[in-house]
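What you see is a predicted model, and the numbers here were worked out from it, not measured in a lab. Ligands are counted one by one from 1 in listed order, and the atoms in each one are counted from 1 as well.
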Amino acid sequence: MTAIVPSAPSPGAPPPVDAAHDPHLSGLFEPVIDEIDAGDLEVVGELPSEMDGMYLRNGPNPRFTPLGSYVFPLEGDGMVHGLWVSGGKARYANRFVHTPMLDAEIAAGRALWGGLMTGYTPGAEEVGPALAGAMKDLPDINVVRHGGRLLALAESAPPYALTPELATRGRETFGGSLPAGLCAHPKVDPRTGEMVVFCYGLEAPYLTWSVLGPDGSARRTPTAVPDVDVPVMIHDMALTERFVVLVLGPMYFDVAAAMRGGSLLSWRPEDGTRIALIPRDGGPMRWAHTEAFWSWHSANAYDTDDGGVVLDYVEWSRPGGLSPNTGPVVGGLSRAVIDPERGAITRDFLIDPHGMEFPRVDDRRLGQRHDVVALGTKTGRHELAGGEFDAVLWVDTAAGRSVTWDAGDLSVGEPCFVPRPGDDDATHGWWVTFATDRTDRSSWFVVFPGADPGSGPVARVRIPVRVPLGLHGAWLPTEE
Ligand SMILES: [Fe+2]
């Protein structure tokens, strides 16, 4: 069963949005409401016998029709979809991330909170004193496992801990060490086991970074990033052995404008874009300035032998959809080479920019030199919503080659790398993602061979329900 339920809002609450005409509430993004478990799934082709673990993917999935506004990809109840693979067989389950706000709405049988742009929150008479006036928690963007925790991640807010079977444990503050939470794209250093995070906020300190040790305890509590004196939106980060890398596009929160009925977010290209290089050893930080661009996502970064930093990321001329400008914007995989001492930076597209996002590398290479970056991309042959792709692109940055798999009638999500257990060679692993057919809305888990991904899937697992298009995922090998 699909379809979100139109609901009569409380008196004083904004009316429901027109979900049927919102591209991120309809079509392949249309939310699902059932939480199901399904085993022994149909496999077309053959799942690699060594593949053993779970692929989890999060994404916005409003349980009820949003009230007043809906801004993709920043809001919506989180739903995690899981695909377990072992011994050539697969099972599936999906669960909402059950925040107290979502559970209050489920108990009421309707939406109670207004969309982000409305600022509307329900009163104590509807949700009790503990939730009255609170903003809705939105752990709907990503999922990560670290330090014994499985976390559904929000945008610079506390994440929610999940059980291995995706039941919600509750809001996670790491023993009170990170009360404001963390970003949706923390990075786990495969060499040290540390998870490095940042968090932005509407009040000073506007930007902090923290480090969690391999055991999940705070090794560095939130530390202010200097010279950031306005609230700025930053979605992703990168890590090298020496530096935390943050791209600060000129996208500011403007609470005063929002109070006057204007936009909460303000794009000011005249300020240019700054890249912060924060030494992980606590030394003085470095800035590099360049002309304005926007980046949602980084692929990876690494230190070079001559003291520089390479950052591969998807560059946009501006944040389409969130900035007030109109007209098309096109994203492309780009490489920034930064000289930390001089603050100099050069940027070049690694491939003709033609609309791509969700860059991923083999996570075992995070912070070190990588070769292949995989992305979702658009062939241009189909009318697709923002965040929807009809092809997967692999760019070999070392060899200067790329290969595309045209997904035909399938819309595909973010690619994710699955290593072959005990084998460091990435060409012996696989790339996986969820995909949904635009003609019959059937959903699939697809597996590409790392050695020749452009040849297409070696296995497709039929999911017995539709998996709405979403955001970010992770492959989590079965733990010993
Ligand atoms: Fe993201």
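- At most 12 non-hydrogen atoms from other residues, nucleotides or ligands lie less than 6.0 angstrom from CZ of Arg401.
- Annotation for Glu383: atom CD does not count as buried by contact number, only 12 or fewer foreign heavy atoms lying within 6.0 Å.
- For the pair Thr121 and Trp113, the minimum side-chain heavy-atom distance is below 4.5 Å.
- The side chain to side chain contact (heavy atoms under 4.5 Å, CB included) test with Tyr55 is passed by exactly one of Val85, Val447, Thr433, Val418: Thr433.
- No close placement of the Tyr70 and His24 rings is indicated, their centers lying 6.0 Å or farther apart.
- The pair Arg63-Glu105 fails the salt-bridge criterion, with no side-chain N (NZ, NE, NH1 or NH2) lying under 4.0 Å from an Asp/Glu carboxylate O.
- Any protein N/O/S atom under 2.8 Å from the Fe ion (ligand 1) was counted, giving 4 altogether.
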